[in-house]
Amino acid sequence: MSKDRVVAFTDAVLAIIMAILVLDLDKPDPLTWSGFGKLWPQFLAYAFSFFWLGSMWVHLHIEWSGVKLVDQPVLWTSITLLFFCSLIPYSTSLVAGNVLSWDLAIKIVGIMITLTIWPPAMLVFTLAAAMFLFLKSASAERRMQVKIKKDALANNGMATPDDVAAVGGSAEEYLAAIEAAKQAAKEADEGDKQ
């Protein structure tokens, strides 16, 4: 396969991903400078992700200049890289609203290593940032469940809708919290009888 086709495809996919980034930016309410100021985490995450992808594009062109033959492993490596790049708009929207500092720290280290030592570090650090977001999300979910259960026990085994809503829970989580609290109360009663 022609190297030029792969380069053109990669360029097109990266261009689309970079364009999609801007679509996730919220519009300020009200439409004032202070309204824009309130959105600074989103704009910072957008700018960082845009230049992250731009840096990747520059380094890919440097790497492609030395490629003579495009075989299947090269194609699948490119497809895998583009797959992970396609997750950047999603992770950017998550980061802008939640854990901006950690994600930026991971990516700053990754981009410095990429620019100075090892260009494929972008892929590794993008995966590391994604794993951090996943672990952070799982940890928040566990904390929410613990809070619901504690609140339910404090209310004689019943979680109130306000308890669940306060931690962002759904109706299913509310019902699950009630059942868990009833079970915990039942176990506590049985333990007191023994």
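For this chain, numbers begin at 1 and follow the sequence in order.
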message: Can you confirm whether Leu44 sits close enough to Phe48 that some side-chain heavy atom of one is under 4.5 Å from a side-chain heavy atom of the other?
response: no
Show me the side-chain donor-acceptor pairs of residues 67-79 shorter than 3.5 Å, one per line, residues at least two apart or across chains.
residue : atom : partner : partner atom : Å
Asp71   : OD1  : Val74   : N            : 3.3
Thr77   : OG1  : Pro73   : O            : 2.7
Ser78   : OG   : Val74   : O            : 3.1

- prompt: How does the hydrophobic cluster around Ile20 look, that is, which other residues are in it when side-chain heavy atoms under 4.5 Å mark a link?
  reply: Ile16
query: What pairs of residues pass the side chain to side chain donor-acceptor pair (under 3.5 Å) test when at least one of them lies in residues 11-24, not counting sequence neighbours?
result: Asp11-Trp57, Asp11-His61
field: Approximate separation, where rounding is to 0.5 Å, of Leu53 CG and Ile88 CD1
entry: 4.0 Å
- request: Go through the structure and list residues passing side chain to side chain contact (heavy atoms under 4.5 Å, CB included) with Phe50, not counting sequence neighbours.
  value: Met18, Leu21, Tyr46
- request: Scan residues 3-37 for pairs that pass ring-ring contact (aromatic ring centres under 6.0 Å, His included), counting only residues two or more places apart or in two chains.
  value: none
- request: State the CE-CG distance between Met56 and Leu14, to the nearest 0.5 angstrom.
  value: 7.0 Å
message: Which residues pass the side chain to side chain contact (heavy atoms under 4.5 Å, CB included) test with Ser55, not counting sequence neighbours?
response: His59, Ile111, Leu115, Met122
- request: Look up atom CZ in Phe84 and atom OG in Ser91, then write down how far apart they are to the nearest 0.5 Å.
  value: 11.5 Å
- line: d(Trp64 CH2, Asp4 CG) to nearest 0.5 Å is 10.0 Å
- line: Sequence neighbours excluded, the answer for side chain to side chain donor-acceptor pair (under 3.5 Å) partners of Thr32 is Ser34
- request: Mind checking the CG-OG spacing from Leu23 to Ser93? Nearest 0.5 Å is all I need.
  value: 11.5 Å
field: Counterpart residues, side chain to side chain donor-acceptor pair (under 3.5 Å), relative to Ser65 (two or more places apart)
entry: none
Any residue meeting side chain to side chain contact (heavy atoms under 4.5 Å, CB included) with Val109, in chain and number order, not counting sequence neighbours: Ile113, Phe125
